[in-house]
2 protein chains.
Amino acid sequence: MKAISKIHLSDLVADSIINFILENNLKPGDCIPTEKEISTLLGIGKTSVREGIAALKAAGLLESRQGGRVYVMEINIESLLRPKSSLPLFQFIEMSGREELDLIVTRGTIEVAAMKEAAKHLTGETTKSLRSSCTQMAQNLSDVNLFIQYDKAFHKEIMLASGNFILPILFELLSDLYTKQFWEFSRRSQAMNRALDFHSKVCAALERGATNEAVEWLERHLADMEARLRGEHMQ
Amino acid sequence: MKAISKIHLSDLVADSIINFILENNLKPGDCIPTEKEISTLLGIGKTSVREGIAALKAAGLLESRQGGRVYVMEINIESLLRPKSSLPLFQFIEMSGREELDLIVTRGTIEVAAMKEAAKHLTGETTKSLRSSCTQMAQNLSDVNLFIQYDKAFHKEIMLASGNFILPILFELLSDLYTKQFWEFSRRSQAMNRALDFHSKVCAALERGATNEAVEWLERHLADMEARLRGEHMQ
DNA sequence: CGTTATTTGTCCGTATGTATT
DNA sequence: AAATACATACGGACAAATAAC
């Protein structure tokens, strides 16, 4: 008989502040009452107030400047979706074979859609940027970390070139998982060389203006990783 | 001349705890040292320790019980992607016409991919569950909140039926935005009736075993919303 | 089963530094 | 230049819940 989850004062503070902002129609740039005011108003200690404010700062709704006040920030889709922690928690994750497959399949779906959209309004700068990342990958075949970094830049560029503002956000959300996955993938024989080859094909196609072909090579790149994962998974 | 970002003691605490867990190979369920032990061990005050722990609790790596200890929790992909605060922040969001379009386009990409996958291994239970949601929608045309709730259940069911464990997570991530968007969309003339019609068509097709047709109707449903948004956007 | 010790949760006072007003 | 307000940090006191005996 204790289904009631303990209510923390800091949560009440966070709710109160949200309600205060809504009721008083505060806009981004406005500031909320001082710590002491909130503390006396709600009749609780300043520690709890600070913790409640900290939660809202972590969520992106508030921002405080030392010596200044606590200001209301604009909440946009990116700040809503993006995890603020930046803690390296992905190292605690262990993906099953099935999860690895689902991840690469989902990645393929999203990324191919982005590439098709990007192909419709491709600029020379995007092509150049992609080629640059590709060159860097070729020069860093011996440094897996750097290789992955430029690989990530390559794929991020495609997501940005789609013109859809949500796709890069999803890519960033999943990118730590991609990195972890590719890191393990890179141990396989010739995995990096194969990846590099596909990237080069995409670049070459774009430079010839053959956008459809570029989409195909990207599809093959991700399908290739999927197939190799599936092969191991089946064994 | 102050590019150096200030180092917070609480960040050091968080890093130290992460390292402690990795070095001592702590597993979910194990507990970390007490506040006092960490405090004396690192030679810093209790406040900083508590803040560092609070950050890791917010991220989902730790959990604490009053009177008990601070325990290590399991980090899986879902908790990594969705540590999010559970605060109702979406009510602060105002989407531009362009953002609404990008959102529905992205949703279409993901959801149609899920539907195609789901169609490959569809069960009678899924079909029944979808029909049930559809019936509930029809009975709640006058209650927008309930209508949206069952609409969400319908689409969630499709994501789950895909068998891909990542797609429902992405759907949940974006679902507050979908809800907000559909809420505004519901004001349009006949918007809810149109949506209901498409859902019925999907169900009917599935009940006839015509999975390809079901995929088509889902595509048309999302494309219809996109087209109507695009129409307003152009005006 | 009850008592006690331990640990976290909450509250509060204090102090120093920093940036704004 | 001074006052204000927040950031950071320390630590004591008590309450509440758990764990150990």
Side-chain angles (χ1 to χ4, degrees), chain A residues 1-17 20-21 24 26 28-73 84-87, chain B residues 1-17 20-21 24 26 28-73 85-86:
Chain A
M1 286 299 283
K2 64 184 310 250
I4 312 167
S5 68
K6 175 100 186 190
I7 297 173
H8 294 280
L9 284 180
S10 53
D11 297 335
L12 291 179
V13 173
D15 284 340
S16 298
I17 293 176
F20 183 88
I21 292 173
N24 297 74
L26 296 191
D30 296 340
C31 54
I32 64 173
T34 67
E35 282 181 4
K36 190 180 288 184
E37 281 172 332
I38 296 175
S39 174
T40 57
L41 207 69
L42 298 180
I44 59 180
K46 78 175 178 201
T47 309
S48 304
V49 174
R50 275 185 59 77
E51 280 183 13
I53 291 177
L56 293 177
K57 285 198 289 187
L61 178 63
L62 299 180
E63 201 168 285
S64 56
R65 287 202 306 274
Q66 200 166 10
R69 305 275 310 246
V70 179
Y71 299 93
V72 177
M73 304 302 292
K84 277 281 187 169
S85 60
S86 82
L87 291 164
Chain B
M1 288 296 284
K2 62 181 313 248
I4 312 170
S5 70
K6 186 138 184 185
I7 296 175
H8 300 290
L9 283 182
S10 55
D11 295 336
L12 291 180
V13 173
D15 284 340
S16 299
I17 293 175
F20 183 88
I21 293 172
N24 296 75
L26 296 192
D30 295 341
C31 55
I32 63 172
T34 67
E35 282 180 3
K36 190 180 286 183
E37 281 173 333
I38 297 175
S39 174
T40 56
L41 206 71
L42 298 179
I44 59 182
K46 169 183 88 172
T47 310
S48 305
V49 174
R50 279 187 61 80
E51 278 185 18
I53 291 176
L56 293 177
K57 284 197 290 187
L61 179 62
L62 299 179
E63 203 165 279
S64 60
R65 286 203 312 273
Q66 192 172 181
R69 305 278 306 250
V70 179
Y71 299 93
V72 178
M73 304 303 289
S85 42
S86 82

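Lettering of chains follows the sequences in order, A, B, ..., and the numbering in each one begins at 1.
- Listed pair B:Ser48 / D:dC10 meets the phosphate criterion, a side-chain N or O lying under 4.0 Å from OP1 or OP2.
- D:dA5 atom P lies 16 Å from atom CZ of A:Arg50, rounded to whole Å.
- A straight line from CD of B:Gln66 to P of D:dA15 spans 12 Å, rounded to a whole angstrom.
- As a whole-Å value, the separation of B:Ile17 CD1 from C:dT8 P is 11 Å.
- The shortest heavy-atom contact between A:Tyr71 and A:Gly29 is CD2-O, 3.3 Å.
- Across D:dT8, C:dT14, C:dC11, the shortest atom-to-atom separation from the side chain of A:Lys46 is found for C:dT14.
- What separates CG of B:Leu42 from P of D:dG11 is a distance of 13 Å, to the nearest Å.
- In this entry the distance linking CG of B:Leu9 with P of C:dG17 reads 15 Å, nearest Å.
- B:Ser64 has a side-chain polar atom (N or O) that falls below the 4.0 Å cut-off from OP1 or OP2 of C:dG9.
- Phosphate contact (OP1/OP2 of D:dA7, side-chain N/O of B:His8, threshold under 4.0 Å): absent.
- The minimum heavy-atom distance between A:Ala14 and A:Gly52, with the atom names listed, is CB-O, 4.2 Å.
- Of all heavy-atom pairs between A:Lys57 and A:Ser64, the closest is NZ-OG, 3.0 Å.
- Two residues are said to be in side-chain contact when any heavy atoms from C-beta on lie closer than 4.5 Å; A:Val49 and A:Leu42 fail this criterion.
- One can place CD of B:Glu63 at 13 Å from P of D:dT18, the figure rounded to the nearest angstrom.
- As the counterpart of C:dT16, D:dA7 is assigned, both hydrogen-bonding distances of the Watson-Crick or G-U wobble pattern falling under 3.5 Å.
- Residues B:Val72 and B:Leu62 come closest through the heavy atom pair CA-CD2, 4.1 Å.
- Between the CD1 atom of B:Ile53 and the P atom of C:dT8 there is a distance of 7 Å, rounded to whole Å.
- Looking at heavy-atom distances under 4.0 Å, A:Gly45 makes contact with sugar-phosphate atoms alone, never a base.
- For the segment residues 30-39 of chain B, the set of residues with a heavy atom within less than 4.0 Å of an atom of DNA chain C comprises B:Thr34, B:Glu35, in numerical order.
- Atom-to-atom, OH of B:Tyr71 to C1' of C:dT8 comes out at 11 Å; the value is rounded to the nearest Å.
- A sub-4.0 Å separation between OP1 or OP2 of D:dA16 and a side-chain N or O of B:Arg65 is absent.
- If you check C:dG9, D:dC10, D:dC6 against the side chain of A:Val70, the one that comes closest is D:dC6.
- Counting heavy atoms from C-beta outward, B:Ile32 and B:Asn24 have side chains that stay 4.5 Å or more apart.
- Taking side-chain N and O atoms only, A:Arg69 has no distance below 4.0 Å to OP1 or OP2 of C:dT20.
- Going from atom CD of A:Glu35 over to atom CZ of A:Arg69 covers 10.5 Å, rounded to the nearest 0.5 Å.
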